[in-house]
Enquirer: 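My questions all concern the structure below.
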Amino acid sequence: MIEMRRPPSFDAAAHERVVVVAAHPDDETLGAGGALRALHRAGSVITLVVATDGEAAYPGLGEVARRELGLIRRAELAAALRVQALDEVAVLWLGLPDSALHAHADELREALEPVLADADAYLAPWPDDPHPDHRAVGLATAAAAPVSAHGWSYPIWTWAWIDPTDPSVPWERARVVPLDEAARTARRRAVRCFASQLEPGPDGSPPVLAAGLLDHVDRDTDLLFREPRVESAPIERFAALYAEGKDPWHADSWYERRKRSVVLASLPRDRYRAAFEPGCGTGELTLEIAGRCDQVLASDPVPAAAARARRLCLTADGVQVTSAALPEAVPAQAVDLAVFSEVLYYLDDATLAATVDRTLAALEPGADVVVVHWRGWPPEAPRDAGATHRLLSARPELDVLVEHTDEEFLLHVLRRR
């Protein structure tokens with residue numbers, strides 16, 4: 001029996017410009033109406049993109065009747081936004097063929113790219129929702145979104161057709177938007193605006209929105225899944241930030257200064273022979289580690305960052321800084337300390353596995369590993385801090401010595417057996 005726990009809350013205030021994508025008019029209301037309302041009230045600028053007019057809701061209709069239904073559904077969406085006080089939301093209609101989006105995936109992605117270009121978040125149907133159009137829109141949106149955009153998906157037919165205990169449902173990535181009675185009332189009124197879907201179709205088909213689905217829609221939360229990147233964060237992303245004079249980690253901030261202090265305080269030994277620190281950035285932590293080590297082998301995949309770290313550590317004995325990416329950055333020589341700060345969650349599954357394997361090969365028996373990551377989830381990252389740390393803690397070659405859960409970061413110290 002799977003224990004169902006309430007997921008954490010979605011932070012609507014964290015996103016300034018949001019693009020919401022729907023396969024059909026009503027998807028956004030059924031799956032994310034409460035989330036749209038929360039984002040709008042938090043001040044987000046929202047653009048709604050609707051891929052089709054929903055003209056194929058009743059397959060038995062002829063061409064003329066389909067066009068008429070499409071016009072009706074556009075009007076229904078406008079009314080639904082109005083009753084939810086979302087009539088300020090800009091709506092972009094793509095007019096792609098309903099129930100055939102899988103055959104227009106490239107066209108869909110190309111249409112979405114300019115709309116998403118400066119978005120810091122998107123909402124789209126969950127790619128595993130049991131409707132082929134929803135899947136097509138979910139996948140196309142993720143492919144079109146910039147690396148700097150947070151990805152969120154919303155289930156629709158999942159509520160009626162998939163058992164919540166099904167292992168395909170990614171509850172570990174779930175967030176909820178609590179809905180008060182006013183929000184629930186607004187959604188009920190909005191759903192009633194889609195009269196063409198609540199009544200039997202002109203071709204005699206039963207209503208699309210049957211009672212079973214509507215019972216699930218009338219809930220006290222909206223559910224969103226974080227949609228992570230499947231590839232490692234591109235080095236070009238960080239190189240651009242350094243080139244613009246922006247330190248991605250704000251090295252002089254209280255967060256970074258405090259985190260460095262906790263890392264140093266967590267080291268189980270006073271001295272180490274040789275340390276390895278990939279993703280060293282501009283070298284602030286490297287310099288502090290050097291005071292506890294005879295040798296530090298640091299690296300960063302961004303040449304400009306590595307150069308700055310090299311200059312900062314110029315007077316520190318035993319520090320060598322190179323420009324290299326993981327997993328190739330793992331040294332061939334044996335080390336007794338490895339420090340991973342804000343780096344591993346940016347790696348895709350294959351790169352992370354190769355990095356851990358190479359690191360274990362380089363670690364001497366009894367060597368220590370420090371892993372520290374921000375508790376949030378960077379948009380460029382394939383996973384969050386918790387998932388990253390669980391992967392390392394599960395390795396049988398490593399024993400967990402320290403588990404530090406800070407309000408802003410997670411820190412683990414592990415020892416090589």
Side-chain angles (χ1 to χ4, degrees), residues 10 12 15 18-42 44-58 69-94 98 101 121-126 129-131 133-134 137-138 141 152-161 175-199 201 207-225:
F10 171 72
H15 305 306
V18 183
V19 174
V20 180
V21 189
H24 318 98
D26 74 9
D27 289 343
E28 74 300 316
T29 299
L30 299 171
L36 265 69
R37 183 181 170 92
L39 286 162
H40 184 261
R41 297 183 71 177
S44 300
V45 176
I46 303 171
T47 300
L48 173 60
V49 182
V50 189
T52 79
D53 292 350
E55 72 281 0
Y58 298 103
L69 178 58
L71 293 174
I72 290 171
R73 298 198 67 181
R74 287 194 179 206
E76 289 173 343
L77 175 57
L81 292 175
R82 203 159 43 243
V83 301
Q84 295 176 92
L86 296 173
D87 41 328
E88 294 179 6
V89 171
V91 182
L92 174 62
W93 296 89
L94 299 185
D98 185 11
L101 289 179
Y122 72 79
L123 273 63
W126 181 42
D129 199 71
H131 189 300
D133 277 357
H134 297 171
V137 169
T141 307
W152 299 96
S153 67
Y154 54 91
I156 305 168
W157 288 103
T158 300
W159 294 105
W161 294 353
R175 298 292 185 272
V176 294
V177 182
L179 306 181
D180 59 19
E181 190 54 38
R184 296 181 69 184
T185 299
R187 197 213 298 268
R188 292 185 195 114
R189 293 176 62 200
V191 169
R192 288 198 293 270
C193 291
F194 296 102
S196 70
Q197 307 301 290
L198 297 169
E199 302 167 353
V208 172
L209 300 181
L213 175 63
L214 295 179
D215 288 343
H216 288 290
V217 168
D218 190 18
R219 55 191 181 274
D220 62 359
T221 61
D222 265 359
L223 179 69
L224 301 176
F225 296 127

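The chain is numbered in sequence order, starting from 1.
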Enquirer: Where is the tightest heavy-atom contact between Ile72 and Ser196, given as atom of each residue plus distance?
Expert: CG2-CB, 4.1 Å
Enquirer: Would you check, one step at a time, whether the test side-chain contact (heavy atoms from CB on, under 4.5 Å) holds for Val50 with Leu77?
Expert: CA-CA 10 Å; Val50 189; Leu77 175 57; 3.7 Å; yes
Enquirer: Ignoring hydrogens and geometry, is there a side-chain-to-backbone donor-acceptor pair from Asp133 to Ala23 under 3.5 Å?
Expert: no
Enquirer: When you compare the side chain of Phe225 with that of Arg175, does any pair of heavy atoms fall below 4.5 Å?
Expert: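 Not in contact.
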Enquirer: Identify which one of Leu48, Val19, Val49 satisfies the side-chain contact (heavy atoms from CB on, under 4.5 Å) criterion when paired with Leu92.
Expert: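 Considering Leu48, Val19, Val49, a side-chain contact (heavy atoms from CB on, under 4.5 Å) with Leu92 is found only for Val49.
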Enquirer: Exactly one of Val91, Leu123, Leu39 should register a side-chain contact (heavy atoms from CB on, under 4.5 Å) with Ile46. Which one does?
Expert: Leu39
Enquirer: Would you call Arg187 and Asp222 a salt bridge, using N to O less than 4.0 angstrom?
Expert: yes
Enquirer: Decide, yes or no, whether a salt bridge links Arg184 with Asp220 under the criterion of side-chain N to carboxylate O below 4.0 Å.
Expert: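 Looking at Arg184 and Asp220, the cut-off is not met.
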Enquirer: Output, in order, the C-alpha distance, side-chain angles, deciding distance and verdict of side-chain contact (heavy atoms from CB on, under 4.5 Å) for Ser153 and Leu224.
Expert: CA-CA 5 Å; Ser153 67; Leu224 301 176; over 6 Å; no
Enquirer: Does any non-hydrogen side-chain atom of Trp126 lie less than 4.5 Å from one of His134?
Expert: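 Sidechains of Trp126 and His134: no contact.
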Enquirer: Step by step, would you call Val20 with Tyr122 a side-chain contact (heavy atoms from CB on, under 4.5 Å)?
Expert: CA-CA 6 Å; Val20 180; Tyr122 72 79; over 6 Å; no
Enquirer: Mind listing the closest non-hydrogen atom pair of Phe194 and Thr29 along with its distance?
Expert: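 Heavy atoms of Phe194 and Thr29 come nearest at CE1-OG1, 3.8 Å.
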Enquirer: Are more than 12 heavy atoms from other residues, nucleotides or ligands located less than 6.0 Å from atom CD of Glu181?
Expert: yes
Enquirer: Just jot down the salt bridge (charged side-chain N to carboxylate O under 4.0 Å, His left out) partners of Asp129, sequence neighbours excluded, or say none.
Expert: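 None.
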Enquirer: What closest approach, in Å, do Val177 and Ala35 show between heavy atoms, and which atom pair accounts for it?
Expert: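 In terms of heavy atoms, the two residues are closest at CG2-CB, 4.0 Å.
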Enquirer: Evaluate side-chain contact (heavy atoms from CB on, under 4.5 Å) for Leu30 paired with Leu209, printing each intermediate quantity in order.
Expert: CA-CA 10 Å; Leu30 299 171; Leu209 300 181; 3.6 Å; yes
Enquirer: Please report the closest heavy-atom contact between Ser44 and Ala12, naming both atoms and the distance.
Expert: OG-O, 3.8 Å
Enquirer: Quick check against the 3.5 Å criterion: does Glu55 have a side-chain atom that pairs as donor or acceptor with the backbone of Asp98?
Expert: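 Checked: pair present.
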Enquirer: Test your reading of the model: is there a side-chain donor-acceptor pair from Asp27 to the backbone of His24, 3.5 Å cut-off?
Expert: yes
Enquirer: What salt bridge (Lys or Arg N to Asp or Glu O under 4.0 Å) pairs are there with at least one residue in residues 69-79, not counting sequence neighbours?
Expert: Asp26-Arg73, Asp53-Arg74
Enquirer: Quick check: closest heavy atoms across Gly31 and Ile156, and the distance to 0.1 Å?
Expert: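 Scanning both residues completely, I find the closest heavy atoms to be CA-CG1, 4.3 Å.
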Enquirer: For the pair His131 and Trp161, evaluate side-chain hydrogen bond (donor to acceptor under 3.5 Å, both in side chains) and give the outcome as yes or no after the intermediate values.
Expert: CA-CA 10 Å; His131 189 300; Trp161 294 353; over 6 Å; no
Enquirer: Decide yes or no for Val191 and Arg188: does some side-chain heavy atom of the first lie under 4.5 Å from some side-chain heavy atom of the second?
Expert: no
Enquirer: With a sphere of 6.0 Å drawn around CZ of Arg41, does it hold more than 12 non-hydrogen atoms of other residues, nucleotides or ligands?
Expert: no
Enquirer: Would you check if the side chain of Thr141 reaches a backbone N or O of Val137 as a donor-acceptor pair within less than 3.5 Å?
Expert: yes
Enquirer: Ignoring hydrogens and angles, tell me if any N or O in the side chain of His216 forms a donor-acceptor pair with the backbone of Trp159 under 3.5 Å.
Expert: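 Yes, the answer is positive, given that a donor and an acceptor are paired below the 3.5 Å cut-off.
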Enquirer: What pair of heavy atoms forms the shortest contact from Tyr58 to Glu199, and how long is it?
Expert: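 Scanning both residues, the minimum pair turns out to be OH-O, 3.0 Å.
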Enquirer: Does Arg189 CZ have over 12 foreign heavy atoms under 6.0 Å away?
Expert: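 No, not enclosed.
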Enquirer: I want to know whether Phe10 and His15 have ring centres closer than 6.0 Å.
Expert: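 Between His15 and Phe10, which both carry aromatic rings, the centre distance is below 6.0 Å.
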Enquirer: According to side-chain contact (heavy atoms from CB on, under 4.5 Å), who are the partners of Val176, at least two apart in sequence or on a separate chain?
Expert: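 Result, side-chain contact (heavy atoms from CB on, under 4.5 Å) vs Val176: Arg6, Pro7, Ser9, Thr221, Leu223.
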